[in-house]
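Presented below is the structure to which this report refers.
Numbers for residues simply follow the sequence, beginning at 1. Quantities reported herein were computed from a predicted structural model and do not represent experimental measurements.
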Amino acid sequence: SELFRKAPQQREIMLYLAARALTEAPGSVSEQEIACTVLGRGPDFDPGHDNIVRSQMRHLRQRLEEYFATEGAEEPEVLRIPKGSYIAAFEPRSDPQTARIDAAPPSAAPPPAPPRRGLAGRRAWLALLALLTLGSLLYLRGIHTAPSGYEIYRDILRPPAPPSELRVVLGNPVVMLYAGSPSSRGEEIGAADAIPIPPQLASAFSKAANRADKVMPHHLIQIRTHDYTGLGDALACFQLGRLLHQLEIPAELTQARFVNWDSARRHDLVIIGSPHTHDWADRNVPQHAYSIVKLGIQNRDPLPGEPGLYPCTWDSSGYPTTDYALIWAWKTAPGSRILVLAGPSSAATGAAATVFSDPAQFQPIHARLKAAARGGAFPSDWQVLLKVEVRDNIPLRTSYVTHRVYRSEL
């Protein structure tokens, strides 16, 4: 939306409140929370002396009203943030005209004939008829025309030949799960391989106990590799799903543990998250210049002026404040294509997918890659490095850093 493209702070507030409304109970959203989490104010923020949240919310409500009256006039649902609260509400758009038509009795007289259209109206209908005819011809010829601005993705995401589908692969990160149990062995909660928490560590782990755990006498730790994914990875799937829907490319979502060379040979893959959480990818990623490590993005082959490491920084709680991400593609020997959207943290992974899935953000990057390739063909093997500013594990701002091209499409 052009309205929100020009208002980054209001856009970030809207996204934050919408996410809160969709993912958890939003009743506790406060002015202090918005100021510190979204607008970058410090913990000493005083709403009595700084009205930035109230000011931005006033403008945000105005922009939402304007958006749904103009650009979003055809959307079936509207987003509102009622005055006096910071709780986002999704509401179906009311359509009085439809209600009146539905309420008309069967015996009602037919509506009067519409007035004759003038020359401009007839021209509009003729233009529409021409577009429909052209669209039918393209459909009959089997030509898929991407929506305006989405043509750039033809160089990277190709429609799979039936019955094959593009496979979107979620990682299997190792997660330490803290849980309460009625017994010391954890059999009742399906945790026979759990580890009892040593008494000297009980107070440190007690912060992780939820209400159900607290009533249990025994607290255990489990190592899980099949159950969880990060919020940034989930955001990446959502953003990528919207893009694939626009491109009319069918896709199947799977887990990293189900990927092997047979599936990589028969399917193009989009890998979400660091290759460290994908066993097959971790063993088979090519030795390109940039790789994801614990401390950031390692640069194996620095060009003049480039560092050997693009380091992450963290706050006192262990959350990243500066992170990096990679959009990374290569072609396998059997001819399938692999695309990776990932960073050291889940937030960076979400940022990489957001940039890739937005034509307005990715088009300049696409142009750089194409200009760097030899012979005019779009490259098959390349990497794009992004810098991500993060607060409370939420990516706030993503910027292009550099790119490498390794091989052009043959």
Side-chain angles (χ1 to χ4, degrees), residues 1 4-24 26 29 33-42 56 60 88 168 170-171 173 228-243 270-277 290 292-297 309-328 339-365 383-403:
S1 167
F4 285 96
R5 195 181 301 279
K6 302 170 185 175
Q9 286 190 322
Q10 292 156 40
R11 182 177 69 240
E12 297 301 333
I13 293 174
M14 176 186 67
L15 291 172
Y16 182 78
L17 296 181
R20 286 291 305 272
L22 289 170
T23 59
E24 57 186 282
V29 180
E33 179 181 342
I34 296 172
C36 298
T37 303
V38 184
L39 300 179
R41 292 297 194 266
Q56 292 292 345
L60 171 57
V168 179
L170 277 175
Y228 296 95
T229 189
L231 184 58
D233 300 50
L235 171 64
C237 281
F238 175 75
Q239 299 284 16
L240 184 65
R242 291 202 306 182
L243 173 63
V270 179
I271 293 175
I272 304 294
S274 171
H276 298 150
T277 65
Y290 305 116
I292 299 172
V293 295
K294 179 70 174 177
L295 300 178
I297 302 294
L309 176 70
Y310 292 89
C312 301
T313 59
W314 296 269
D315 61 20
S316 58
S317 300
Y319 288 114
T321 55
T322 302
D323 209 339
Y324 290 87
L326 287 178
I327 305 175
W328 182 0
L339 174 69
V340 175
L341 304 170
S345 71
S346 181
T349 294
T354 299
V355 170
F356 176 76
S357 303
D358 181 1
Q361 295 187 69
F362 190 65
Q363 194 281 329
I365 296 174
Q383 290 181 302
V384 173
L385 179 62
L386 305 171
K387 183 178 181 179
V388 186
E389 296 178 32
V390 186
R391 293 293 180 275
D392 293 331
N393 225 29
I394 298 173
L396 297 182
R397 190 173 292 103
T398 307
S399 55
Y400 163 86
V401 178
T402 188
H403 69 276

- Task: Using modelled atom types only, decide if a donor and an acceptor are shared between the side chain of Ser274 and the backbone of Thr277 within a distance under 3.5 Å.
- Result: no
- Message: With a 4.5 Å cut-off on side-chain heavy atoms, are Val355 and Ile365 touching?
- Response: yes
- Note on the structure: From the list Thr349, Ile297, Leu386, side chain to side chain contact (heavy atoms under 4.5 Å, CB included) partner of Leu326 resolves to Ile297
- Note on the structure: Pro320 and Asn393 have their tightest heavy-atom pair at CD-OD1, 3.8 Å
- Enclosure of Tyr319 OH (heavy-atom neighbours >12, cutoff 6.0 Å): no
- Without swapping roles, check the side chain of Arg397 against the backbone of Glu389 for a donor-acceptor pair under 3.5 Å. no
- Message: Could you check whether any side-chain heavy atom of Leu243 comes within less than 4.5 Å of a side-chain heavy atom of Asp358, counting everything from C-beta outward?
- Response: no
- Message: Could you tell me if the side chain of Phe356 sits less than 4.5 Å from the side chain of Val384, heavy atoms only?
- Response: no
- Of all heavy-atom pairs linking Ala352 and Ala342, the shortest is CB-N, 4.0 Å
- Message: Any heavy-atom pair between the side chains of Leu309 and Val293 that's under 4.5 Å?
- Response: yes
- Flag for Ser346-Asp233: side-chain donor and acceptor within less than 3.5 Å: yes
- Determine whether Leu17 and Ile34 make a side-chain contact, defined as any pair of heavy atoms from C-beta on separated by less than 4.5 Å. yes
- Query: So, do Thr398 and Thr354 sit near enough that their side-chain heavy atoms are less than 4.5 Å apart?
  - Reply: no
- Item | Chi angles and distances behind the side chain to side chain contact (heavy atoms under 4.5 Å, CB included) call for Ile13, Leu39 | CA-CA 8 Å; Ile13 293 174; Leu39 300 179; 4.1 Å; yes
- Message: Could you report the tightest heavy-atom contact between Val390 and Ala347, atom names first, then the distance?
- Response: CG1-CB, 4.0 Å
- Query: Between Lys294 and Trp314, which heavy-atom pair has the shortest distance, and what is it?
  - Reply: O-CZ2, 4.0 Å
- Item | Minimum-distance pair of heavy atoms, taken over all atoms of Pro311 and Tyr324 | O-CE1, 3.3 Å
- Is any side-chain heavy atom of Cys312 closer than 4.5 Å to a side-chain heavy atom of Thr322? no
- Task: Compare every heavy atom of His276 with every heavy atom of Ile292, then report the nearest pair and how far apart it is.
- Result: O-CE1, 2.8 Å
- Would you call Tyr290 and Tyr310 a side-chain contact if the rule is heavy atoms closer than 4.5 Å? yes
